[in-house]
Amino acid sequence: MSADHREQQPAQQGSRIDPHVGRYAHRAQGMVASEVRALFAVASRPEVVSLAGGMPNVSALPLDQFGDLVKDVVSQEGAAALQYGSAQGDPVLREQICDYMTLEGITAVPDDVIVTVGSQQALDLITRVFVDPGDIVLTEAPTYVTAINTFAAFQADTRHVSMDEHGVDPDELDRALTEAERQGQRVKFFYTVPNFQNPAGITMTAERRTRVMEVCQRHDVLVVEDNPYGLLRYDGEPEPTLYSQGNGNVIYLGSLSKTLSPGLRIGWALAPAPVRAKLVLAAESAMLSHSTFNQLVVRRYLSTFPWREQIKTFNAMYSERRDTMLTALSAMMPKGCTWTEPEGGFFVWATLPEGVDAKAMLPRAVTERVAYVPGTGFYADGRGRSSMRLSFCYPTPEQIREGVRRLVGAIEGELDLHATFGTTLPPSTQGSQTPAPDLP
Ligand code: PMP
């Protein structure tokens with residue numbers, strides 16, 4: 001037993017002591033449930049408007065037609081659908097994924113695609129294959145919470161690079177890479193969500209994309225481009241993918257979770273051939289083979305269903321919800337609050353006036369019957385206390401308006417407290433490590 005293991009104290013798991021605490025691998029120490037999880041249990045009550053979760057609104061799918069399609073898979077391809085498959089994924093589905101990616105301007109061959117259990121598994125496999133404990137992973141600030149958790153699970157040193165309304169700051173990225181080189185440390189990859197970022201709702205401009213790729217190529221650093229929201233664009237023109245200007249130095253991740261269903265768990269990675277081969281081997285040891293059944297359902301969906309029209313249906317619904325949220329925020333938010341205006345995706349990132357703590361405010365908000373995700377979950381280093389992620393994908397427009405009204409009530413209550421007692425930001429929390437919330 002190592003010294004570190006001996007030092008581990010029995011840990012509370014919910015209300016029970018965990019008797020296995022001395023047995024866990026070091027990497028499991030970073031796997032902690034969010035301290036706001038209990039509040040989210042309350043937040044899922046029907047009387048609470050949740051602007052917290054990032055759940056796609058799958059009820060916009062014609063479920064009867066989908067049911068017929070599933071029935072056809074069983075009756076016409078049942079024996080194959082119920083059999084083992086491969087870890088790289090069904091070859092016909094990989095061809096269809098290549099067609100799907102042409103909508104993003106990507107030309108790819110099926111051999112370079114690996115199907116994954118959502119793009120989340122691709123993130124896990126990539127980190128498994130590239131990251132040793134202590135290796136640096138660079139990400140935008142803020143970034144996708146479960147990517148932070150994945151990097152932590154592999155004991156990466158996650159460092160952030162600031163963003164503005166045009167996307168990540170290429171000069172700061174350059175400095176972070178130079179600093180790592182000076183310290184003799186290699187950055188294993190730069191992880192980015194360039195379109196309608198989760199959580200900030202920001203899209204990287206074309207000019208920024210070119211500069212980011214120039215910086216990454218100069219420092220010879222791999223880029224992981226995570227693009228689950230790319231086709232959910234409500235205004236403006238699509239930007240070129242980083243993959244298309246990456247000279248083989250970009251791993252591109254896609255997913256059908258937001259444009260079809262997250263329950264089917266179909267995502268993919270498009271990677272240079274040697275990397276793809278490693279990812280397949282890692283996938284084999286993680287899960288042997290994919291769900292053949294789900295892949296055949298999706299294969300049939302993509303070959304028989306008007307899925308491009310379905311994406312337009314989703315976009316019309318989400319765009320109305322996005323507009324409702326932005327209009328409600330403009331009409332009601334108190335002076336000093338700011339927020340992003342996403343051109344697509346699911347999320348708005350709101351920042352409260354100086355000194356007001358969005359995390360400390362959450363119990364008050366839940367009492368007002370509205371929930372959001374405090375900004376701290378989206379940083380690896382405890383920043384983000386004055387910010388919050390608001391999602392508009394799941395609640396109806398009426399619920400969004402009411403949710404914003406209640407949120408404003410909570411913020412005004414906090415501002416009164418602030419006016420009476422000074423900052424609601426506890427000084428000790430600046431820069432501290434905060435367990436991330438566990439929401440998509
Ligand atoms: N990346 C980002 C940026 C996400 O927002 C999500 C889901 N919320 C994922 C990856 C994972 O999605 P999935 O595994 O369902 O494809």
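A quick note: this is a predicted structure, and the numbers were derived from the prediction, not measured. The chain is numbered in sequence order, starting from 1. Indexing begins at 1, ligand by ligand and atom by atom, following the structure's order. Only this structure's heavy atoms are used, side chains among them; waters, hydrogens and symmetry mates stay out.
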Side-chain donor-acceptor contact under 3.5 Å, N195 with R233 | no
Within the 6.0 Å centroid threshold, strictly below: F66 and F305 | no
What atoms of ligand 1 come closer than 4.0 angstrom to any heavy atom of S257?
-> 13 (P), 15 (O), 16 (O)
Those atoms of ligand 1 less than 4.0 Å from some heavy atom in G118 = 13 (P), 14 (O), 16 (O)
Heavy atom of Q197 under 4.0 Å from ligand 1?
-> no
Which bit of M55 gets closer than 4.0 Å to ligand 1, counting heavy atoms only: side chain, backbone, both or neither?
-> neither
Winner among K258, R265, Q121 once heavy atoms are compared against atom 12 (O) of ligand 1 = K258
Ring geometry between Y234 and Y318 (parallel below 30°, tilted from 30 to 60°, perpendicular above 60°) = tilted
State which residues pass salt bridge (charged side-chain N to carboxylate O under 4.0 Å, His left out) with R406; sequence neighbours excluded, sorted by chain then number.
-> E402
Contacting atoms of ligand 1, where contact means under 4.0 angstrom from a heavy atom of D226 = 1 (N), 2 (C), 3 (C), 10 (C)
Option from Y229, F392, Y144, F314 for which ring-ring contact (aromatic ring centres under 6.0 Å, His included) with F346 holds = Y229
Under the salt bridge (charged side-chain N to carboxylate O under 4.0 Å, His left out) test, which residues partner R322, sequence neighbours left out?
-> D235
Any F346 heavy atom less than 4.0 Å from ligand 1 = no
At a 4.0 Å cut-off, with the gap strictly under it, does some heavy atom of P228 reach an atom of ligand 1?
-> yes
Quick one: does G267 get a heavy atom under 4.0 Å from ligand 1?
-> no
Classify the ring geometry between Y252 and Y243 as parallel (under 30°), tilted (30 to 60°) or perpendicular (over 60°).
-> perpendicular
Report, in ascending order of atom number, the atoms of ligand 1 lying under 4.0 Å from any heavy atom of S255.
-> 13 (P), 16 (O)
